[in-house]
Amino acid sequence: MKQIIMDCDPGHDDAIALLLASRSDQIKILGVTTVAGNSELENTSRNARKILDYADIFDVPVYAGCSTPMMRDLYRLTGAIIHGEDGLGGPTLPDPVTPIEQEHGVDFIIRTLRQAEEKIILVPTGPLTNIAMALIKAPDIKDKIEKIVIMGGAVVDPGNITSAAEFNIYVDPEAAKIVFASGCNIYLNTLDISMKAVFYEEDIERVRAQGDKVSDIVARLLDFFADTHVKHFGFRACPIHDALCIGVLIDESLVEFQKVFLDISVNDPLTLGETVADLWGITGNEPNCYISMKVDREKFVDMIAEHMKKPYISKN
Ligand code: RIB
Ligand code: CA
């Protein structure tokens, strides 16, 4: 059983990543920490609990993390136009009944890692603020981190917030720089690859036709997501970016990775948040992460469809 802490900013694709992890018989979610990103922290924290409650997941605690990036104001634009004003636009989900935990998300990450008997996998799918803050506050936790599976970055293809940068890294580039310099075992699922694993209309209809309540809400979330992608990117398809981070934990053959040296631009306004990867090893720098290079889209679509119709079975 892979024990994970999911750090997220729900967000449509974060929500589906949570549902996928909850339905996998290989993954135990120790807790969810939320971060400001797609929307303000209050919204991402409510959205995480909304989706968990809706999917009958009442034994996974949710901890609110950092409400702003480490050194910048929260970038409030793109999240809203892609994910809606409250971060989870489209279908109306009931208000959560699960309360938010009182402990800060960063403290939960530190405490859980320190107390862990086995190494834990961190799965950040929003800005890396909470992860960076935990590593700064308690460097000793590195020994308890099996790996960090991140959604973020754009290496060969253009970004989605600027031509140079992907949203999660752009929102808190200093946090990303800290995480990639930490020496932790990092797997980065980039925009280059998540944009090659999109859900088309027929894939959304396949999930909707499954008829159970989770498949239905996923289809309705993707309807909204597809609408905003048509409006702002000109194509009607859903890149479920964050769910790939869970997908590779379920089936490592889903994505092929390459080990590279990667660093983040933080000083130049033109390239702020750019993930610069040394693909050819020409810098001589020691590789510090694995980046996604290839994905099996059909396998991903099948995985999402198969898992959404499964009932939730508690692993706690
Ligand atoms: O660029 C895509 C990422 O930004 C995803 O994690 C999405 O949820 C948004 O946070
Ligand atoms: Ca996200």
Side-chain angles (χ1 to χ4, degrees), residues 4-21 32-41 43-48 50-51 62 65-66 69 74-90 105 122-131 148-155 157-173 175-176 179 187-199 218 221-222 224-226 228-229 232-233 235 237-248 264 272-275 291-292 295:
I4 75 168
I5 294 174
M6 192 147 172
D7 184 71
C8 54
D9 62 337
H12 293 66
D13 51 333
D14 305 75
I16 296 170
L18 275 172
L19 293 172
L20 181 59
V32 174
T33 52
T34 55
V35 67
N38 283 323
S39 192
E40 287 74 8
L41 180 66
N43 288 335
T44 59
S45 302
R46 183 188 315 109
N47 294 339
K50 275 185 172 181
I51 205 73
V62 179
C66 295
L74 179 63
Y75 188 81
R76 282 181 169 75
L77 180 59
T78 307
I81 64 175
I82 297 299
H83 295 276
E85 279 307 315
D86 71 354
L88 202 61
L122 302 183
V123 184
T125 60
L128 289 165
T129 316
N130 290 338
I131 309 303
I148 307 176
V149 186
I150 300 168
M151 192 283 141
V155 170
D157 294 348
N160 58 358
I161 179 78
T162 70
S163 299
E166 178 277 331
F167 180 80
N168 287 340
I169 307 298
Y170 181 82
V171 169
D172 199 340
V179 172
Y187 286 77
L188 180 67
N189 279 297
T190 66
L191 199 61
D192 308 64
I193 296 310
S194 62
M195 294 300 282
K196 295 178 175 66
V198 294
F199 272 54
V218 165
L221 286 168
L222 292 179
F224 179 90
F225 211 33
T228 57
H229 276 78
H232 295 285
F233 294 105
F235 62 79
C238 290
I240 313 181
H241 311 281
D242 299 333
L244 272 176
C245 291
I246 299 299
V248 297
I264 288 87
L272 182 68
E274 181 175 11
T275 44
I291 63 170
S292 55
V295 63

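Scope of the values below: all heavy atoms of this structure, side chains included, with no hydrogens, waters or symmetry mates. The structure displayed is predicted, hence computed values, not measured ones. For ligands, and for the atoms within them, numbers begin at 1 and follow the listed sequence.
Below 4.0 Å from some heavy atom of Asn160 lie the following atoms of ligand 1, by number and element: 1 (O), 2 (C). Distances below 4.0 Å separate heavy atoms of Asp13 from the following atoms of ligand 1: 5 (C), 6 (O), 7 (C), 8 (O). Below 4.0 Å from some heavy atom of Asp14 lie the following atoms of ligand 1, by number and element: 8 (O). Listed by number with element, the atoms of ligand 1 under 4.0 angstrom from any heavy atom of Asn38 are 7 (C), 8 (O), 9 (C), 10 (O). Listed by atom number, the atoms of ligand 1 under 4.0 Å from Glu166 heavy atoms are 1 (O), 2 (C), 3 (C), 4 (O).
Annotation: side chain of Leu191 is not in contact with side chain of Asp157 (no heavy-atom distance under 4.5 Å). The shortest side-chain heavy-atom distance between Asn43 and Glu85 does not fall under the 4.5 Å cut-off.
Distances between N or O atoms of His241 and those of ligand 1 include no value under 3.5 Å.
A side-chain donor-acceptor contact under 3.5 Å links Asp7 and Thr33.
Centred on the Ca ion (ligand 2), the angle running from Asp9 (OD1) to Asp242 (OD2) is recorded as 140°, rounding to 10°. For the pair O of Thr125 and OD1 of Asp14, the angle at the Ca ion (ligand 2) is about 130°; rounding is to 10 degrees.
Metal site remark for the Ca ion (ligand 2): Asp13 contributes no N, O or S atom at a distance under 3.0 Å.
Residue Ile161 does not touch ligand 1, judged by heavy-atom distances below 4.0 Å. Counting heavy atoms closer than 4.0 Å to ligand 1, residue Ile82 contributes nothing at all.
The aromatic rings of His241 and His229 sit tilted, their planes meeting at an angle between 30° and 60°.
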